[in-house]
Amino acid sequence: MDDKHDVRSAAALLGLLQQFTVETERYVEAVSNRHHLHRTDLSALAAMVAAAREGKTMTPGALGAALNLSSPATTALVDRLDRAGHLARRRSEKDRRQVHLEMTDSARATGSELFSPLAGAIAPVIDALSPEELRAVMNFMQGVIEATMTARNGVAPTANHRME
């Protein structure tokens, strides 16, 4: 392959990644609207799932930091999810001043209902990969995630620019 072809292939791959991101956002918007959830609510539940997967406890402060929300916006989010029955607040056994956030069975059921169709649609694509191809794709995606995080961390925030 010549350099010109490599550049076109890289640009095409970046275009596909961008299109995947757009289509994922469209899917999330569609299921959010259908289930009367705010986009931030779904992001919060996803952050809580990720924390649980890593064996970490989610606190309001950690949730706000994960979503780049101000303290008042985080409180409103947690209150909204609590009222909807998607999370429960629990006092820490070690430090009663600290509040831990836990997803409820209702949140897990809603999450499954929302994202099982997407997972079901993507599963055959993954299943069609050989073990070597799957390893290569997983390594690639991990690298893309890390590169995206590096780029995000390099973006200087403007003064007092936290989402409300």
Side-chain angles (χ1 to χ4, degrees), residues 17 20-127 129 134-135 137-164:
L17 286 170
F20 172 73
T21 301
V22 168
E23 290 304 325
T24 301
E25 287 297 320
R26 287 178 177 165
Y27 178 83
V28 169
E29 182 179 333
V31 297
S32 296
N33 289 339
R34 181 171 182 198
H35 292 273
H36 309 290
L37 292 168
H38 294 270
R39 175 64 171 96
T40 307
D41 297 352
L42 289 179
S43 296
L45 294 175
M48 291 179 66
V49 166
R53 193 177 320 134
E54 295 173 11
K56 296 179 180 176
T57 301
M58 185 59 78
T59 63
L63 183 61
L67 300 178
N68 196 30
L69 296 175
S70 67
S71 184
T74 301
T75 299
L77 169 66
V78 170
D79 288 346
R80 191 170 57 243
L81 290 172
D82 188 17
R83 279 191 309 274
H86 292 312
L87 68 75
R89 293 174 169 111
R90 304 271 186 254
R91 292 276 173 199
S92 168
E93 296 294 321
K94 295 178 183 174
D95 181 352
R96 300 289 297 159
R97 296 169 296 174
Q98 191 174 49
V99 174
H100 294 175
L101 304 176
E102 298 174 1
M103 286 181 56
T104 63
D105 290 339
S106 169
R108 285 190 262 302
T110 299
S112 178
E113 183 181 339
L114 296 175
F115 292 103
S116 288
L118 180 60
I122 292 174
V125 176
I126 295 170
D127 291 343
L129 298 174
L134 182 58
R135 264 192 302 281
V137 170
M138 290 178 69
N139 288 336
F140 170 77
M141 289 305 301
Q142 186 61 48
V144 167
I145 291 166
E146 290 169 8
T148 303
M149 291 168 64
T150 298
R152 181 193 66 208
N153 291 335
V155 175
T158 58
N160 297 325
H161 186 260
R162 291 190 89 162
M163 293 180 65
E164 299 296 322

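When a residue number appears, it is its place in the shown sequence, counting from 1.
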> Is the closest side-chain heavy-atom distance between L101 and P60 below 4.5 Å?
Replying inline: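 Sidechains of P60 and L101: in contact.
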>> Assess the residue pair E102 and L87 against the criterion (side chain to side chain contact (heavy atoms under 4.5 Å, CB included)); give the C-alpha distance rounded to whole Å, side-chain angles, the decisive distance to 0.1 Å, and a yes or no.
In response: CA-CA 5 Å; E102 298 174 1; L87 68 75; over 6 Å; no
Please give me the minimum heavy-atom distance between [X] and [Y], naming the atom from each residue.
X: L45; Y: M103; answer: O-SD, 3.8 Å
X: A44; Y: L81; answer: CB-CD1, 3.8 Å
X: S32; Y: L42; answer: OG-CD1, 2.7 Å
X: M58; Y: L63; answer: SD-N, 3.4 Å

> Should I126 and M138 be marked as a side chain to side chain contact (heavy atoms under 4.5 Å, CB included) after you check the CA-CA gap, both sets of side-chain angles, and the distance that decides it?
Replying inline: CA-CA 10 Å; I126 295 170; M138 290 178 69; over 6 Å; no
>> Evaluate H100 against T59 for side chain to side chain contact (heavy atoms under 4.5 Å, CB included), listing each step before the verdict.
In response: CA-CA 5 Å; H100 294 175; T59 63; 4.1 Å; yes
>> Going by side-chain contact (heavy atoms from CB on, under 4.5 Å), L37 matches just one of V28, L114, V31. Which one?
In response: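 Single side-chain contact (heavy atoms from CB on, under 4.5 Å) partner of L37 among V28, L114, V31: L114.
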>> Going by the rule salt bridge (charged side-chain N to carboxylate O under 4.0 Å, His left out), which residues pair with R26 if we only count those two or more places apart in sequence or in a different chain?
In response: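 R26 satisfies salt bridge (charged side-chain N to carboxylate O under 4.0 Å, His left out) with E23 once adjacent residues are dropped.
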> E25: what forms a salt bridge (charged side-chain N to carboxylate O under 4.0 Å, His left out) with it, not counting sequence neighbours?
Replying inline: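 With sequence neighbours excluded, E25 shows a salt bridge (charged side-chain N to carboxylate O under 4.0 Å, His left out) to R39, given in chain and number order.
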Please confirm whether the backbone N or O of [Y] pairs with a side-chain atom of [X], one donor and one acceptor, at under 3.5 Å?
X: S112; Y: R108; result: no
X: T104; Y: G85; result: yes
X: N153; Y: M149; result: yes

> Where do L67 and L77 land on the side chain to side chain contact (heavy atoms under 4.5 Å, CB included) test, with the steps shown first?
Replying inline: CA-CA 11 Å; L67 300 178; L77 169 66; 3.7 Å; yes
